[in-house]
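Heads up, the thing below is written out as structure tokens.
The shown structure was predicted, so the numbers you read here are calculated from the model rather than taken from an experiment. Whatever order the structure lists them in is the order used to number ligands and atoms, beginning at 1.
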Amino acid sequence: MERVLMLGTDAIARGAIEAGISYATSYPGTPATQILEYIAKNSSIPCEWSINEKVAFEVAYGVSLTGKRVLCSMKHVGLNVAADPFMTSSYLGVRGGLVLVVGDDPGAYSSQNEQDSRFYAYFAKIPCLEPYDGETAKFYTKIAFDISEELGLPVMLRSQTRLLHCYSPVTLEEIKPQKEINLTKDPQHLIAIPKHVIPLHRELNAKQLKILEIFKKYNFNEIIFGESKIGIIACGLTFTYALELENNLPILRITAYPVEENLIKDFVKKLDEVIVLEEGYPFIEKLVKCFHPKVRGKLSGDLPMEGELGPDPVLKLFGKKTKTPLSNVIPRPPFLCPGCPHREFYKALLEAEPTFVTGDIGCYTLGCLPPLSALDTCLCMGASIGKAIGIAKQGVKRVAAVIGDSTFWHSGIPALIDAVYNKADILVCILDNSVVAMTGHQPTPHLGLTAKREETKKLSLVEICKACGVDSVVEVDPFKKEEMVFALKKGLETPGVHVVISKRPCIFVAKKFKKD
Ligand SMILES: Cc1ncc(C[n+]2csc(CCOP(=O)(O)OP(=O)(O)O)c2C)c(N)n1
């Protein structure tokens with residue numbers, strides 16, 4: 001068995017490959033993007049960049065129905081998009097193992113919020129595993145498939161930026177053979193109509209005890225005895241922060257949810273004080289407070305509620321010297337690259353004088369920064385068009401929505417149809433740089449390449465806009481400034497829904513997609 005240094009994302013991907021997956025789906029999003037990229041580059045397993053996270057989850061669910069194993073990965077906010085199929089998948093259950101990897105981003109290094117995906121697992125009543133290093137990232141992913149099949153439930157593997165983007169040693173093991181296809185019909189279990197919901201929910205509730213039994217088999221949640229009346233409850237990655245303290249305190253390591261309450265009760269009963277460490281929200285701390293009067297953590301104000309926890313506040317809490325001199329590192333906030341076509345588009349947009357510009361998420365969001373300061377709002381992927389409709393519907397003229405090409409495919413199309421159907425007067429600007437630039441230049445449906453870099457049909461942004469019924473659609477090169485200003489002014493001044501596609505590849509595209 002070989003031991004190698006691996007990124008957390010790669011360790012998870014390797015775990016899924018070793019588990020014998022037959023397919024993998026994802027939509028890019030930091031910090032989870034590299035999981036699918038690893039599978040695409042380092043295995044012959046078919047995989048796809050799905051159009052959005054909802055579709056990624058649904059495709060994965062379809063694979064599971066055939067009895068085969070499947071990995072679906074996304075960033076934390078991606079699960080908001082996939083929440084609809086996700087929430088009901090636990091009622092229907094799965095056949096082949098379905099593991100959903102969610103990359104949380106405490107500290108919001110590259111995200112629009114800091115939501116904690118453990119709540120989603122709780123919400124859907126499914127098991128959630130939370131590794132604490134590369135080795136457990138791979139191992140937990142692998143056994144998550146066994147657990148998924150044993151319970152007939154999707155299993156969530158929750159991780160965070162710090163683990164996913166760090167290298168640590170990982171032991172490579174054998175790759176299991178893939179499962180045989182076994183697609184059978186079972187309407188009572190596979191069709192979520194009201195008549196079936198209560199029995200399905202009852203079955204899901206009955207599985208909750210079984211989850212706890214299975215967790216015991218793997219020792220996910222374990223007490224490590226120490227010599228002190230102060231004890232630590234450390235969740236997932238924070239177990240490594242607790243180990244760095246080197247002070248021989250008793251530790252309850254939690255790496256699987258739901259947690260058996262008796263385990264917490266047993267651990268805290270002889271302690272004078274309990275310290276709870278967790279990345280994200282005080283999910284476990286709230287529970288521990290039911291069983292002990294002196295709990296220190298985020299709710300007590302001893303640790304920060306916002307931002308990434310990281311090892312430093314923990315060391316500080318114990319009066320130890322912090323180890324990561326982050327203050328010496330020069331901050332490098334993102335900015336539009338030299339030569340970026342988005343910048344030229346924004347210069348033209350400013351000249352066209354829109355009243356209000358609703359933004360979206362992608363590299364082009366950086367147009368909100370000075371000196372351009374060209375965007376007035378950014379909420380979540382796909383929201384630019386909906387926000388523009390809302391503003392325009394209140395009588396505001398010259399409203400423009402700015403959306404990237406991948407974001408448009410992801411969740412912009414329904415909003416464009418809404419604009420046409422509900423007779424909005426807005427200008428929609430689609431910034432087509434051919435790729436998902438922000439997350440590392442993954443291909444888009446109009447580039448003509450799949451995740452495996454195989455050739456595929458090139459979809460047309462112009463044709464799809466026309467099919468949505470817009471009043472006009474033009475493609476303009478943002479480097480032709482006069483032409484661009486003219487098109488934008490016309491779109492802003494003419495009633496109806498008008499689309500201007502700013503078309504020029506990201507400057508890194510040629511490099512990235514040249515044949516190796
Ligand atoms: C729901 C959700 N999924 C994924 C992401 C991660 N993400 C941020 S921007 C973006 C797409 C950017 O691509 P595009 O719209 O083409 O703009 P570009 O970066 O190429 O300018 C993605 C996938 C996110 N923020 N939210």
### Residue part near ligand 1, for N433, under 4.0 Å between non-hydrogen atoms
side chain

### Query
Taking only heavy atoms of M438, which atoms of ligand 1 are found under 4.0 Å from at least one of them?
19 (O)

### Query
Quick one: do E344 and R504 make a salt bridge, cutoff under 4.0 Å?
no

### D405 (side chain) donor-acceptor with N433 (main chain) under 3.5 angstrom
yes

#### Entry: Closest approach of any protein heavy atom to atom 16 (O) of ligand 1, naming residue and atom
D405 OD1, 2.5 Å

### Query
In ligand 1, which numbered atoms sit nearer than 4.0 Å to a non-hydrogen atom of K75?
4 (C), 5 (C), 6 (C), 24 (C)

### Task
Answer yes or no: is there a side-chain heavy-atom contact under 4.5 Å between D10 and Q34?
yes

### Task
Considering only non-hydrogen protein atoms, determine which one is nearest to atom 8 (C) of ligand 1 and report residue, atom name and distance to 0.1 Å.
I361 CG2, 3.5 Å

### Query
Between H446 and F408, is any pair of side-chain heavy atoms under 4.5 Å apart?
no

### Task
Return the orientation label for the Y120 and F123 ring planes: parallel under 30°, perpendicular over 60°, tilted otherwise.
tilted

### Message
Need the ligand 1 atom indices (1-based, order shown) with element for anything under 4.0 Å from a heavy-atom of Q112.
### Response
25 (N), 26 (N)

### Task
Would you mind running through ligand 1 and noting each atom that sits below 4.0 Å from a heavy atom of H342?
21 (O)

### Query
At a 4.0 Å threshold, what atoms of ligand 1 neighbour a non-hydrogen atom of V81?
1 (C)

### Query
Got an N/O contact under 3.5 Å between P28 and ligand 1?
no

#### Entry: Heavy-atom nearest neighbour in the protein, as seen from atom 17 (O) of ligand 1, with distance rounded to 0.1 Å
Y364 CE2, 3.1 Å

### Message
Classify the ring geometry of Y27 against H410: parallel below 30°, tilted from 30° to 60°, perpendicular beyond 60°.
### Response
tilted

#### Entry: C363 N/O under 3.5 Å from ligand 1 N/O
yes

### Task
Please determine if T407 has a nitrogen or oxygen closer than 3.5 Å to a nitrogen or oxygen of ligand 1.
yes

### Task
For ligand 1, note which part of Y27 has a heavy atom under 4.0 Å away: side chain, backbone, both or neither.
side chain

### Query
Is there side-chain contact between S26 and W49, with at least one heavy-atom pair below 4.5 Å?
yes

#### Entry: Nearest heavy-atom neighbours spanning A40 and K452
O-NZ, 3.4 Å

### Query
Is there a donor-acceptor pair under 3.5 Å between the side chain of R69 and the backbone N or O of V99?
no

### Query
CZ of F356: more than 12 outside heavy atoms within 6.0 angstrom?
yes

### Task
For G362, counting its heavy atoms only, list the atoms of ligand 1 lying under 4.0 Å from any of them.
9 (S), 12 (C), 17 (O), 19 (O)

#### Entry: Region of M381 that comes within reach of ligand 1 [heavy atoms, distance under 4.0 Å]
side chain

Side chains of residues 380-388: which donor-acceptor pairs under 3.5 Å do they make with residues two or more places apart or in other chains?
| residue | atom | partner | partner atom | Å |
| --- | --- | --- | --- | --- |
| S384 | OG | D360 | OD2 | 2.6 |
| K387 | NZ | G359 | O | 3.2 |
| K387 | NZ | T377 | OG1 | 3.0 |

### Task
Side-chain contact test, heavy atoms from C-beta onward, threshold under 4.5 Å: evaluate it for K480 versus F486 and give yes or no.
no

#### Entry: For ligand 1, the portion of V435 having any non-hydrogen atom under 4.0 Å away
backbone

## Note on the structure
Checking heavy-atom distances from atom 13 (O) of ligand 1 to each of V436, D105, V509, the winner is V436

### Per-atom contacts, ligand 1 versus G29 - under 4.0 Å to a heavy atom
6 (C)

### Query
Touching ligand 1 at all, E53? Heavy atoms, strictly under 4.0 Å?
yes

### Task
Using a strict cut-off of 4.0 Å, indicate which atoms of ligand 1 neighbour a heavy atom of A437.
18 (P), 19 (O), 20 (O)

